[in-house]
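Encoded as structure tokens, the structure appears first; notes follow it.
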Amino acid sequence: MSGQGTQTTWGQRMAAGLKAWRFGTVLGVFLLVVAALGWRLVDLHVVDNEFLRKQGDVRTIRVETIDAHRGVISDRHGEPLAVSTPVQTIWANPSEANPDEPRLANLARLLGINEARLRERLRDYAGREFIYLRRKVQPSLARDAMALDINGVYSRQEYRRYYPAGEVTAHVVGFTDIDERGQEGIELAYNDWLSGESGRKRVLKDNRGRAIKDLTLIRDAQPGQKLELSLDLRLQYLAYRELKAVVNAHKARGGTLVMLDVDTGEVLAMVNQGSYNPNDRSQLAAENLRNKAITDLFEPGSTMKPITVAAALESGLYKSGDTIDTSPGYRRFGRFTIRDHRNYGVLDLTGIIVKSSNVGMSKIASEIGGDVIRDLYSRLGLGQPTGVGFPGEAVGILPAPPKWRPVEEATLSYGYGMSVNALQLAQAYMVLANGGIRYPLSLLKVDEPPRGQRVLSEGVAHEVRQMLAEVVEKGTGTRAQPGFYSAGGKTGTVHLVGAQGYEDSQYKAIFAGMAPIDNPRIVTVVAVDAPQSGEYYGGEVAAPVFARVMSDALRLLNVKPELEVTGSPGESPTTGERG
């Protein structure tokens, strides 16, 4: 019994020792592993951290912006007027760049920036990770900059707005700032429509900031939507050419030309002088930024006489054959005196328009009243927004006194005491041209015929058009004859308004008309500010521009010629009448 007990106790001791040995072995191995891992961590982070730095650099994951290009603006035939082209932007990470790097001198010379200023900026912004060095440069220049291999200097793709037609379409299209945000014109009015939405993606970059691999597309870039304008670039070019030529020839202060499609209300051409090149704004003058056809107001003068005659015919108090005695060539209203160029005697309504008689118009106004005239002016769109949505549009002034004084009725009948812009005047003549329908005006291409509103009877519009044809055939507008096409229109010569009131020696020469007269296709208004060459009447300065522009425009629009005439458009002799 005692031997068996001794044997059992020894076995238990052996088993307990074996367990202790195993536990010690496992614990020792575990401690060795922990020690090894600890040593490796110390080695990597303290003794030799180059390995981890390199591995971290080549495995840097970044979220990168995908730039979206702005929508294209084109004319009605798809010709580009504003496009976004890919360019490169040079930037730096000051926390990586060495301000004393010798190659910075070459970079500064290449980018056209001051070397000392470049080094100073890198020092001043050493705690930042991003500064611009030069924005939106040609890709070839960016390649040369990157070839210098300067640590902390990078490039990225952006977009730059380019305007192929330059100054010819500048006032309509406008321009953007360096971040492609609309600042003027259509670019501003339709900025949200044209602007794209940037995308985002995850990329793997190396220690030089170069993308090694695209990992994940977070959000795709959405380009801006395109915009098709109503402008016909062919007509825009010829209108700009002729307007610039007349402004230079007459040493004028400026000028405006607007051309409308009679049956749709689309703006086919809209140009101004002076202008500017939106691709190079280094010499930009603030006074040249305005789209004067929409933002600048003027008294329309004698161009309102046909509309007053239309109001008279519509009232039923007059017929086209009715006569009025304009003798002795002037008419007094208290201290005010209205004069004609000379005593025209007895004139019918057509003769009043052809001779541009202020006395005749004032007698018509006295008979039908100021409210009748104003009502038709309003129905034609004067004194109201045109609806084109252009920034800075001026509405103009259409008076509505509680009681009309005789002199107010008289001056309103021939376009004084009120104000319009060139586009409003063109809209009024569009109604006369298309038989009495007022269509909404548009700077965007119209795909379907718009719904217009009848504001004047077709018969009255037809009668007035025949009177306008007489003005071009033998009246104040003979120099407006557009070559092989018939035309009708009305001249206007008004005093410009200065700080002290009307300027005695400064005039605006105006011609508003349509062609072909029997079935008008387009309406054009020409206005030239302060011509200084000796000629200043609308029939002398503005009418020849109308003739040349309309002759070329109708040919471009494939309108069949009607007439057989000799001589160049705009060279017909004047009759001596003034308008």
Side-chain angles (χ1 to χ4, degrees), residues 262 300-326 340-341 344-365 367-368 372-373 376-377 379-380 413-415 425-426 428-436 455-482 485-493 510-520 523-525 538-539 542-543 546-547 550 562-563 572 574-575 577-579:
V262 166
S302 294
T303 58
M304 289 292 100
K305 290 175 180 175
I307 301 176
T308 299
V309 168
L313 293 172
E314 189 181 44
S315 72
L317 298 176
Y318 285 89
K319 295 181 175 60
S320 58
D322 291 347
T323 59
I324 295 174
D325 187 359
T326 66
D340 285 342
H341 186 65
Y344 296 119
V346 178
L347 297 173
D348 62 10
L349 295 191
T350 299
I352 289 174
I353 297 296
V354 170
K355 301 297 185 182
S356 197
S357 170
N358 293 336
V359 174
M361 293 308 305
S362 70
K363 289 190 174 182
I364 292 174
E367 181 71 17
I368 65 176
V372 173
I373 299 172
L376 182 55
Y377 284 3
R379 280 184 277 145
L380 298 184
S413 71
Y414 55 84
L425 182 57
Y429 270 69
M430 177 190 71
V431 174
L432 296 177
N434 65 28
V455 295
L456 185 66
S457 73
E458 187 172 358
V460 169
H462 177 75
E463 286 187 81
V464 174
R465 284 204 305 273
Q466 298 311 306
M467 296 177 187
L468 295 177
E470 293 285 316
V471 173
V472 173
E473 288 180 15
K474 57 185 180 183
T476 59
T478 54
R479 295 178 68 178
Q481 174 59 51
Y485 300 94
S486 62
K490 186 67 188 76
T491 57
T493 308
I510 311 169
F511 189 88
M514 62 202 68
I517 194 61
D518 291 330
N519 186 22
V523 160
T524 296
V525 169
F546 172 90
M550 292 293 270
E562 308 169 290
L563 307 176
S572 302
T574 60
T575 63
E577 310 299 346
R578 305 302 184 189

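Any value given below was found using the heavy atoms of this structure, including those in side chains, with hydrogens, waters and symmetry copies removed. Bear in mind the structure is a predicted one, so any value in this text is a computation, not a measurement.
Checked against side-chain hydrogen bond (donor to acceptor under 3.5 Å, both in side chains), S320 has the following partners two or more places apart in sequence or in another chain: E463. T308 meets the side-chain hydrogen bond (donor to acceptor under 3.5 Å, both in side chains) test with Y377; sequence neighbours excluded. S357 pairs by the side-chain hydrogen bond (donor to acceptor under 3.5 Å, both in side chains) definition with D340, not counting sequence neighbours. Listed by chain and number, the residues in a side chain to side chain contact (heavy atoms under 4.5 Å, CB included) with E470 are T350, V354, E473, K474 (sequence neighbours excluded). Under the side-chain hydrogen bond (donor to acceptor under 3.5 Å, both in side chains) criterion, S362 pairs with R331, not counting sequence neighbours. For F546, the ring-ring contact (aromatic ring centres under 6.0 Å, His included) partners two or more places apart in sequence, or in a different chain, are F511.
Within a 6.0 Å sphere centred on CD of Q466, heavy atoms belonging to other residues, nucleotides or ligands number more than 12.
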Audit row: K490, S356, side-chain hydrogen bond (donor to acceptor under 3.5 Å, both in side chains) steps and yes/no: CA-CA 9 Å; K490 186 67 188 76; S356 197; 3.0 Å; yes
side-chain contact (heavy atoms from CB on, under 4.5 Å) evaluation trace for V464 with L456: CA-CA 11 Å; V464 174; L456 185 66; 5.9 Å; no
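Rounded to the nearest 0.5 Å, atoms CE (M304) and CG (L380) are 8.0 Å apart. Taken from NE2 in H462 to CG in L432, the straight-line distance is 13.0 Å, to the nearest 0.5 Å. Between atom CG of residue L347 and atom NZ of residue K363 there is a gap of 10.5 Å, rounded to the nearest 0.5 Å. Here the OG atom belonging to S486 is positioned 10.5 Å from the CZ atom belonging to R465, to the nearest 0.5 angstrom. Distance check, rounded to the nearest 0.5 Å: CD1 of I364 to CD1 of I324 gives 4.0 Å. How far OH of Y414 is from CG of N358: 5.0 Å, rounded to the nearest 0.5 Å.
Residues P482 and A487 come closest through the heavy atom pair CD-CB, 3.4 Å. Nearest heavy atoms, A426 versus V523: O-CG1, 3.7 Å. Looking at every heavy atom in both residues, V372 comes nearest to S315 through CG1-CB, 4.5 Å. For P516 against Y485, the heavy-atom pair with the smallest separation is CG-CD2, 4.5 Å. In plain terms, the two heavy atoms of K319 and L349 that are nearest each other are O-CD1, 3.4 Å. Of all non-hydrogen atoms in T491 and G538, the two that sit nearest each other are CG2-C, 4.1 Å.
Remark: the backbone N or O of V346 is not paired with any side-chain donor or acceptor of T323 at under 3.5 angstrom. Of the possible donor and acceptor atoms, none in the side chain of K305 sits under 3.5 Å from a partner among the backbone N and O of I352. At least one donor-acceptor pair under 3.5 Å links the side chain of Y429 to the backbone N or O of T303. In this structure a side-chain-to-backbone donor-acceptor pair under 3.5 Å is missing from D348 to G321. Under the 3.5 Å distance criterion, the side-chain polar atoms of R479 are left unmatched by any main-chain donor or acceptor of A543.
Taking the side chain as every heavy atom from C-beta outward, V472 and I517 never approach each other to under 4.5 Å. I368 is listed as a side-chain neighbour of Y318, based on a closest heavy-atom distance under 4.5 Å.
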